[in-house]
Enquirer: 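Structure incoming, see below.
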Amino acid sequence: MVYVKWIGHSCFLIKSTYGNILIDPFIKQNPKAKYEESDLEDIDIILLTHAHF
């Protein structure tokens, strides 16, 4: 099973039985980011597609 959650802007969280991937984590300085602390636990891979400040 695969679970995909849009966090905000270009940030996505993908959870599966094989591991968890966080894409473009623009979270702390993004007031529109919608996430729970538990969303950011046990991340196996972080992918960056472009830069942020």
Side-chain angles (χ1 to χ4, degrees):
M1 184 166 95
V2 175
Y3 168 82
V4 178
K5 181 176 182 178
W6 178 67
I7 303 287
H9 190 63
S10 63
C11 182
F12 286 88
L13 172 65
I14 301 170
K15 289 188 172 187
S16 77
T17 54
Y18 299 106
N20 302 322
I21 301 170
L22 188 63
I23 303 172
D24 288 329
F26 176 48
I27 298 170
K28 267 193 166 179
Q29 296 176 347
N30 183 357
K32 294 184 179 181
K34 305 291 183 207
Y35 67 97
E36 303 291 327
E37 289 292 326
S38 61
D39 290 338
L40 304 178
E41 294 176 354
D42 300 323
I43 300 297
D44 298 301
I45 299 171
I46 297 174
L47 301 175
L48 303 174
T49 64
H50 62 284
H52 285 281
F53 299 105

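These values consider heavy atoms only, across backbone and side chains, with no hydrogens, waters or symmetry-generated copies. These figures come from a predicted structure and were not determined experimentally.
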Enquirer: By the definition side-chain contact (heavy atoms from CB on, under 4.5 Å), identify the one residue from Ile21, Ile14, Asp24 that meets it with Leu47.
Expert: Ile21

Enquirer: Tell me the closest heavy-atom pair linking Lys15 and Ser38, and the distance in Å.
Expert: NZ-O, 3.7 Å

Enquirer: Relative to each other, are the rings of Trp6 and Phe12 parallel, tilted or perpendicular (30° and 60° limits)?
Expert: tilted

Enquirer: Please determine which of Leu13, Asn30, Ile7, Leu48 meets the side-chain contact (heavy atoms from CB on, under 4.5 Å) test together with Pro25.
Expert: Leu48

Enquirer: Side chain of Asn20, backbone of Asp44: donor and acceptor closer than 3.5 Å?
Expert: no

Enquirer: Looking only at heavy atoms, which two atoms of Ile43 and Ile45 are closest? And how far apart?
Expert: CG2-O, 3.4 Å

Enquirer: Which heavy-atom pair separates Tyr35 from Lys5 by the least distance, and what is that distance?
Expert: CA-NZ, 4.1 Å

Enquirer: Out of curiosity, His9 NE2 to Gln29 CD, how far, rounded to the nearest 0.5 Å?
Expert: 12.5 Å

Enquirer: Do Leu22 and Cys11 come within less than 4.5 Å of each other through their side chains, counting heavy atoms only?
Expert: yes

